[in-house]
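The structure appears below as structure tokens.
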Amino acid sequence: MIIEQLIQTYLSKLLDVPVVLERPEKPPAQYVLIEKLGGGEDNHIFRATIAVQSYAKSLFEASVLNEIVKQAMNGLVLLDEICRSKLNSDYNHTDPTSKQYRYQAVYDITHY
């Protein structure tokens, strides 16, 4: 399973909002989008930089959803495939094109 799918499956079990790998054509009021920004491999151990974007109808709701996502991501290391999950940064990342509020949490993930 690719890392994005693994995280999507994991977060879908914990969150009360849809967790997707592509921006929906008709987005719901709140949802979480998983995106791989980059990665690498060394001796069959993989690294991935993952953006977890929390979308909502208001900036406050997006920030609250971001905090819930970060709490859920803290448990990612409990999965057998994950060696390390470290929050790199998180910030307001409102989309100027769609004018939809979002926060983005960027994680450095080490996995098998």
Side-chain angles (χ1 to χ4, degrees):
M1 180 179 294
I2 65 170
I3 189 66
E4 300 97 306
Q5 288 177 318
L6 182 73
I7 295 170
Q8 178 192 28
T9 300
Y10 169 77
L11 288 178
S12 292
K13 293 176 184 174
L14 298 174
L15 303 178
D16 293 332
V17 299
V19 180
V20 297
L21 298 177
E22 289 185 47
R23 188 173 189 279
E25 197 170 299
K26 293 184 180 180
Q30 288 190 327
Y31 68 98
V32 171
L33 174 66
I34 309 295
E35 183 178 351
K36 184 175 178 182
L37 303 177
E41 176 190 0
D42 188 25
N43 292 326
H44 306 288
I45 304 218
F46 300 91
R47 294 177 318 281
T49 302
I50 301 290
V52 186
Q53 300 175 355
S54 300
Y55 283 85
K57 291 292 182 186
S58 75
L59 187 58
F60 175 74
E61 290 174 356
S63 70
V64 169
L65 181 55
N66 180 64
E67 291 302 316
I68 293 168
V69 164
K70 290 189 314 182
Q71 288 177 359
M73 288 292 288
N74 286 339
L76 190 64
V77 295
L78 299 174
L79 299 178
D80 291 340
E81 300 89 345
I82 305 296
C83 305
R84 179 175 181 247
S85 174
K86 179 181 179 256
L87 177 63
N88 179 307
S89 63
D90 71 311
Y91 46 89
N92 174 4
H93 194 52
T94 297
D95 185 348
T97 304
S98 68
K99 300 190 187 320
Q100 191 168 22
Y101 296 110
R102 71 178 171 190
Y103 261 71
Q104 179 164 286
V106 177
Y107 282 85
D108 297 318
I109 310 286
T110 305
H111 61 101
Y112 298 106

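With a 4.5 Å cut-off between side-chain heavy atoms of Ile, Leu, Val, Met, Phe, Trp and Tyr, the cluster of Leu33 takes in Val20, Tyr31, Tyr55. Other residues sharing a hydrophobic cluster with Val106 under the 4.5 Å side-chain heavy-atom criterion for ILVMFWY residues are Leu37, Tyr91.
Atom CD of Glu41 is surrounded by more than 12 heavy atoms from other residues, nucleotides or ligands within 6.0 Å.
With sequence neighbours left out, Ile45 forms a side-chain contact (heavy atoms from CB on, under 4.5 Å) with Thr110, Tyr112. By the salt bridge (charged side-chain N to carboxylate O under 4.0 Å, His left out) test, Lys57 is found to be paired with no residue, residues two or more places apart in sequence or in another chain being considered. For Glu81, the salt bridge (charged side-chain N to carboxylate O under 4.0 Å, His left out) test picks out no residue, with sequence neighbours left out.
Tyr103 and Met73 sit in two unconnected hydrophobic clusters of ILVMFWY residues. Membership requires side-chain heavy atoms under 4.5 Å apart, directly or through other members. Both Ile109 and Leu21 are part of a single hydrophobic cluster, where members link through side-chain heavy atoms under 4.5 Å apart.
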_Test side chain to side chain contact (heavy atoms under 4.5 Å, CB included) on Asp42 and Arg47; report intermediate values, then the result._
CA-CA 8 Å; Asp42 188 25; Arg47 294 177 318 281; 4.0 Å; yes
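Across all their heavy atoms, Ala48 and Lys36 have their closest contact at CB-CE, 4.0 Å.
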Taking distance alone, no hydrogens or angles, what donor-acceptor pairs closer than 3.5 Å link side-chain atoms of residues 2-12 to residues at least two apart or in another chain?
residue, atom, partner, partner atom, Å
Gln8, NE2, Val19, O, 2.9
Thr9, OG1, Gln5, O, 3.0
Tyr10, OH, Ala72, O, 2.6
Tyr10, OH, Leu76, N, 3.4
Ser12, OG, Gln8, O, 2.7

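The CD atom of Gln104 lies 9.5 Å from the CG atom of Asn66; values are rounded to the nearest 0.5 Å.
Under the side-chain contact (heavy atoms from CB on, under 4.5 Å) test applied with Gln30, the options Val64, Leu15, Val17 reduce to a single match, Val17. Checking each of Asn88, Asp90, Val52 against Tyr107 for a side-chain contact (heavy atoms from CB on, under 4.5 Å) leaves exactly one that passes, namely Val52.
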